[in-house]
Amino acid sequence: MTPTPDPSSDRGPDAGRSHDRPALRRLVAGDLDDFAGAAWGREARLSRAADLAKHAEGEQPDAFGDLFDLGAVDELLSRRGLRTPFLRIAKQGTVVDSRHFTGEGGVGAEVSDQVQDDRVAALFADGHTVVLQGVHRTWAPVADLVTELAAELGHPAQTNAYITPASSQGFSAHYDVHDVFVLQVAGTKRWHVHAPVHADPLRSQPWNDRAGAVAARATEDPLIDEVLEPGDVLYLPRGYLHSATAQGEVSAHLTIGVHVLTRWAVVDALVNALTDDPALRGSLPLGIDAADPEALAPHVEAVAARLAETLAAPDPGRAERVARRLRRRAWTGNRPEAVAPLAQAAASTSADASTAVRCRRGLSHRLRSGDDGAVLLELADRTVTLPAGTRAACERLLDGQPVTAGELPGVDPDDGAVIVRRLLREGVLRPA
């Protein structure tokens with residue numbers, strides 16, 4: 001997930017693993033390289049369950065039932081103590097105020113916004129769509145898939161679940177500012193997809209800013225008018241208009257939202273990396289009317305000229321500074337594979353040369369050398385310093401495959417066990 005150009009120094013999530021992209025393989029039929037080159041960020045694609053099954057290794061789970069189903073919905077709503085904003089409820093594009101389906105948590109739960117299952121049931125019976133938000137944080141199988149997918153794509157991802165009563169529509173035609181994979185889980189839903197009214201919208205350019213154009217485009221013939229059945233997957237790049245209506249039964253689908261890193265993010269990081277230039281940090285004149293284009297014009301031109309001059313000059317360290325800024329955004333977008341805190345703590349004190357461990361899936365990291373020869377392991381929120389001479393051992397520990405301290409190159413088993421225990425404490429490794 002790190003956009004630095006030196007692969008030898010950048011060990012991103014699960015670096016060194018096979019590039020078979022198993023998570024993406026579950027969502028896209030046909031050639032994945034063709035999808036990456038021709039469809040990614042460019043065109044909507046529908047993958048039918050039967051076509052996905054042709055590419056599956058072993059038995060294909062039935063309609064994503066291993067990930068999520070209607071039973072999971074009931075459990076989350078009734079037994080998991082959900083609070084806002086993990087739940088939204090809407091009907092025909094109108095979102096219900098959360099006060100209508102949340103309340104006091106009762107004795108021992110001093111909260112006032114806990115989901116009330118009976119109120120949700122009444123709203124659902126009245127034709128409202130239930131939206132479970134952040135399912136990648138509340139349901140383990142979905143979390144595992146999203147962790148793997150985000151690592152494969154190099155872009156952060158999240159998941160919502162949409163459960164719609166029979167013959168109902170939760171949201172009118174709109175577009176998202178992120179790419180989506182729609183996984184039909186239960187029932188059927190008819191989707192209408194239209195071409196963008198604003199291509200590649202940024203997060204600051206939501207659909208309601210162009211509501212008139214969206215409404216007009218939605219009256220035109222759609223690019224896609226298809227009924228999704230359980231096991232089908234629809235990919236939509238950001239900006240594509242879409243709406244969906246459940247057919248004659250309750251319908252549920254998962255939407256995996258991919259919060260793509262864009263070229264504009266590179267521009268933003270590039271400009272923000274210029275804070276060391278005193279000429280660009282100077283104050284505007286006292287008393288200036290910044291709302292007056294004529295007063296501001298000479299300063300705009302001066303800044304533009306300085307930017308052009310600075311960006312045109314060779315700068316070997318520019319890519320590194322930009323990469324560091326992009327890493328902050330990319331690396332904090334997803335949590336890595338979960339660890340069991342009690343088991344992890346026990347392993348961090350008891351691991352020896354025979355203990356098998358592996359790097360946590362989806363853990364964003366970068367391995368580099370310090371000025372004094374120490375090995376620096378950069379993580380999303382901190383840097384771990386390890387002794388000089390341990391780089392080969394660290395690379396093996398971080399390649400995603402199980403290994404024991406006794407198998408690590410360049411260190412003896414006892415020293416390897418010390419490194420393993422340290423990285424278990426840091427949450428980099430987990431017992432295999």
Side-chain angles (χ1 to χ4, degrees), residues 1-4 6-19 23 136-137 140 143-144 146-152 154 156 323-324 327-328 330-432:
M1 294 174 67
T2 303
T4 51
D6 179 8
S8 66
S9 64
D10 182 1
R11 306 293 293 178
D14 299 359
R17 296 178 59 224
S18 168
H19 295 287
H136 63 293
R137 295 295 304 133
D144 291 342
V146 172
T147 295
E148 185 77 31
L149 182 65
E152 293 174 12
R324 285 184 180 278
R327 280 205 296 273
R328 295 191 192 110
W331 284 11
T332 58
N334 280 98
R335 294 191 181 188
E337 177 186 16
V339 297
L342 301 186
Q344 186 80 6
S348 69
T349 59
S350 64
D352 57 26
S354 64
T355 303
V357 294
R358 62 169 174 79
C359 186
R360 290 170 68 188
R361 288 192 293 271
L363 180 77
S364 299
H365 59 268
R366 182 172 184 254
L367 201 62
R368 63 184 180 88
S369 299
D371 294 336
D372 57 355
V375 177
L376 303 180
L377 175 58
E378 295 181 349
L379 304 173
D381 59 349
R382 64 195 184 284
T383 296
V384 178
T385 302
L386 297 161
T390 63
R391 180 163 185 136
C394 290
E395 288 179 343
R396 178 64 183 87
L397 286 167
L398 297 171
D399 71 8
Q401 301 302 313
V403 67
T404 68
E407 299 170 323
L408 295 177
V411 295
D412 64 47
D414 289 340
D415 288 341
V418 173
I419 298 172
V420 165
R421 289 193 292 270
R422 171 75 186 284
L423 295 183
L424 283 166
R425 284 197 303 275
E426 296 286 353
V428 173
L429 305 177
R430 59 165 295 168

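Side-chain atoms are counted along with the backbone in the values below, which use heavy atoms only and exclude waters and symmetry mates.
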J.: Would you mind reporting whether L398 and H365 have side-chain heavy atoms less than 4.5 Å apart?
T.: yes
J.: Can you find a side-chain donor-acceptor pair between T355 and D352 that sits under 3.5 Å?
T.: yes
J.: Determine yes or no for a side-chain-to-main-chain donor-acceptor pair under 3.5 angstrom, with Q344 supplying the side chain and L424 the backbone.
T.: yes
J.: R396 versus Q401: any side-chain heavy-atom pair under 4.5 Å?
T.: yes
J.: Counting C-beta onward and ignoring hydrogens, is there a side-chain heavy-atom pair between T390 and D415 closer than 4.5 Å?
T.: no
J.: What distance do R391 atom CZ and L367 atom CG have between them, rounded to the nearest 0.5 Å?
T.: 4.5 Å
J.: Distance check, rounded to the nearest 0.5 Å: S350 atom OG versus R421 atom CZ?
T.: 9.0 Å
J.: What is the distance from atom SG of C359 to atom CG of L429, rounded to the nearest 0.5 Å?
T.: 6.5 Å
J.: Determine yes or no for a side-chain-to-main-chain donor-acceptor pair under 3.5 angstrom, with R327 supplying the side chain and R366 the backbone.
T.: no
J.: Are side-chain heavy atoms of L377 and E426 found at a separation under 4.5 Å?
T.: no
J.: For the pair E152 (side chain) and A23 (backbone), establish whether a donor and an acceptor sit closer than 3.5 Å, ignoring hydrogens and angles.
T.: yes
J.: Check P156 against G333 and note the closest heavy-atom contact, atom names and distance.
T.: CB-CA, 3.7 Å
J.: Keeping R430 on the side-chain end and R361 on the backbone end, is there a donor-acceptor pair under 3.5 Å?
T.: no
J.: Give the minimum heavy-atom separation between P431 and A347, together with the two atoms involved.
T.: CG-CB, 3.7 Å
J.: Give me the atom names and distance for the closest heavy-atom approach of G370 to L376.
T.: CA-CD1, 3.8 Å
J.: Can you tell me if R360 uses its side chain to pair, donor with acceptor, with the backbone of G427 under 3.5 Å?
T.: yes
J.: So, using side chain to side chain contact (heavy atoms under 4.5 Å, CB included) as the criterion, who are the partners of A356 when residues are at least two apart?
T.: T404, A432
J.: At what distance, to the nearest 0.5 angstrom, does CH2 of W331 lie from CG of D381?
T.: 10.5 Å
J.: Hey, is CZ on R335 packed in by over 12 heavy atoms from elsewhere, all under 6.0 Å?
T.: no
J.: So N334 and T147, side chain to side chain contact (heavy atoms under 4.5 Å, CB included) or not? Walk me through it.
T.: CA-CA 7 Å; N334 280 98; T147 295; 5.8 Å; no
J.: Which atom pair, heavy atoms only, marks the closest approach of A405 to A417?
T.: CB-N, 3.4 Å
J.: Locate the shortest heavy-atom distance separating A353 from P413; write the atom from each residue and the value.
T.: CB-CB, 3.7 Å
J.: Is any side-chain heavy atom of V418 less than 4.5 Å from a side-chain heavy atom of V411?
T.: no
